[in-house]
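Quick note: numbers below take in every heavy atom, side chains included, and nothing from hydrogens, waters or symmetry partners.
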Amino acid sequence: MKKKITPRKILVNLDAIITGTTLTLCVIIANVNVIMRYFFNSPLQWNDEVVTGLFVWTVFIGSAYAYRKHAHLGVDIIVKLLKPKSRAVVQDIVAVLELAILIMLTVISSQYVHNQIYVRGVYKPYVTDILRFPKWYISLAVPVGFAWSTLYSIYYLLSDRLHLVKSGLLEDEGHAVEGGNF
């Protein structure tokens with residue numbers, strides 16, 4: 001039976017959609033450039049700018065997607081040696097530190113984007129060399145990715161660690177992951 005695509009499913013999986021789309025466009029444009037260079041001896045001049053910008057979006061939004069799916073790598077050898085109560089305390093501390101770092105990275109990257117738009121307080125956005133495209137459009141992926149990860153971190157902290165929110169909102173059917181980020 002075919003699953004129905006609803007606006008809610010699109011919204012919940014928006015990070016995956018953006019990541020998949022930008023990665024697909026990266027691959028297509030890079031391959032078209034190879035064909036243009038080798039067969040027509042006329043490479044796309046704007047290839048590097050566009051592929052780099054799309055790759056930035058792929059990496060940072062993909063990082064949020066990986067956070068949601070608990071797919072980031074972690075070293076938990078020492079934590080697994082602890083007793084269950086001690087392990088829970090360490091996991092709680094790590095979750096709070098992780099949230100604090102994500103908030104800090106979101107703020108710092110937002111300031112970076114702001115500085116790309118306003119040069120010394122004056123609206124004068126930096127632009128790319130060839131297409132003259134505002135660089136902040138590309139850089140915006142960084143605070144958006146960190147903010148998305150921050151929201152997921154808050155959600156998992158409240159649901160998995162503090163048990164204040166009913167878990168399961170973000171997990172796909174049959175793909176639920178228990179235990180938060182650990």
Side-chain angles (χ1 to χ4, degrees), residues 1-76 98 101-120 122-153 155-156 170-177 181:
M1 185 169 154
K2 190 174 181 180
K3 291 185 178 182
K4 185 178 178 185
I5 297 174
T6 63
R8 181 186 179 282
K9 284 185 183 179
I10 291 172
L11 188 60
V12 167
N13 292 304
L14 190 59
D15 51 359
I17 294 168
I18 292 171
T19 301
T21 302
T22 55
L23 183 59
T24 301
L25 288 172
C26 279
V27 170
I28 290 170
I29 293 170
N31 283 315
V32 166
N33 189 47
V34 168
I35 291 168
M36 294 296 290
R37 185 174 353 121
Y38 284 111
F39 293 112
F40 300 106
N41 202 22
S42 180
L44 303 172
Q45 300 299 320
W46 47 268
N47 175 61
D48 289 341
E49 285 181 6
V50 174
V51 169
T52 301
L54 289 170
F55 191 69
V56 168
W57 276 89
T58 302
V59 167
F60 285 97
I61 306 303
S63 176
Y65 173 71
Y67 193 97
R68 176 168 62 102
K69 292 295 189 175
H70 308 291
H72 283 290
L73 296 176
V75 180
D76 58 356
E98 189 176 79
I101 291 169
L102 284 169
I103 290 169
M104 180 187 68
L105 289 171
T106 302
V107 169
I108 291 171
S109 60
S110 297
Q111 291 169 342
Y112 174 74
V113 172
H114 180 270
N115 292 337
Q116 283 195 323
I117 299 170
Y118 295 99
V119 180
R120 295 185 183 99
V122 178
Y123 178 76
K124 186 178 179 185
Y126 290 108
V127 293
T128 59
D129 296 330
I130 296 174
L131 293 177
R132 313 302 296 167
F133 193 73
K135 286 186 177 181
W136 70 269
Y137 286 168
I138 297 168
S139 301
L140 188 62
V142 181
V144 168
F146 283 134
W148 227 327
S149 294
T150 301
L151 292 174
Y152 291 144
S153 178
Y155 173 79
Y156 291 130
L170 297 178
E171 286 82 16
D172 294 336
E173 294 175 23
H175 295 92
V177 178
N181 299 327

Notebook entry, point to check: For F60 and V144, what are the C-alpha separation, side-chain angles and deciding distance, and is it a side chain to side chain contact (heavy atoms under 4.5 Å, CB included)?
Noted result: CA-CA 8 Å; F60 285 97; V144 168; over 6 Å; no
- Message: Walk me through whether Y155 and L151 qualify under side chain to side chain contact (heavy atoms under 4.5 Å, CB included).
- Response: CA-CA 6 Å; Y155 173 79; L151 292 174; over 6 Å; no
Does the side chain to side chain contact (heavy atoms under 4.5 Å, CB included) test come out yes or no for N13 and R68, once each step is laid out?
CA-CA 10 Å; N13 292 304; R68 176 168 62 102; 3.2 Å; yes
- request: Evaluate the criterion side chain to side chain contact (heavy atoms under 4.5 Å, CB included) for residue pair W57 and L140; output intermediate values, then yes/no.
  value: CA-CA 8 Å; W57 276 89; L140 188 62; 4.2 Å; yes
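The closest donor-acceptor contact from the side chain of E98 to the backbone of S153 lies at 3.5 Å or more, if one exists at all.
The two residues S63 and H72 come nearest to each other via the heavy atoms O-NE2, 3.0 Å. Among all heavy-atom pairs drawn from S139 and V113, the shortest one is O-CG2, 3.4 Å. Among all heavy-atom pairs drawn from G145 and A64, the shortest one is O-CB, 3.7 Å. Taking each heavy atom of C26 and L54 in turn, the nearest pair found is SG-CB, 3.4 Å. Between K9 and K4 the shortest heavy-atom distance is NZ-O, 3.2 Å. Q45 approaches I130 most closely through the heavy-atom pair O-CD1, 3.1 Å.
Remark: Y123 OH to I117 CD1 distance equals 7.0 Å, nearest 0.5 Å. Between F146 atom CZ and L105 atom CG the span is 4.5 Å, to the nearest 0.5 Å. The CD1 atom of I108 sits 12.0 Å away from atom CD1 of I103, with the distance rounded to the nearest 0.5 Å. T52 OG1 to N47 CG: the interatomic distance, rounded to the nearest 0.5 Å, is 8.0 Å. Taken from CG in N33 to CD1 in I29, the straight-line distance is 9.5 Å, to the nearest 0.5 Å. In this structure, CZ in R120 is found 10.5 Å from CG in N115, a value given to the nearest 0.5 Å.
Two residues are said to be in side-chain contact when any heavy atoms from C-beta on lie closer than 4.5 Å; F55 and V59 meet this criterion.
The neighbour count for N41 CG, taken as heavy atoms of other residues, nucleotides or ligands under 6.0 Å away, does not exceed 12.
The only member of T24, I17, L23 that meets side chain to side chain contact (heavy atoms under 4.5 Å, CB included) when paired with T21 is I17.
Aromatic ring orientation, Y156 versus H70: tilted (interplanar angle from 30° to 60°).
For the residue pair Y152 / D15, a side-chain donor-acceptor distance below 3.5 Å is found, with atom types taken as modelled.
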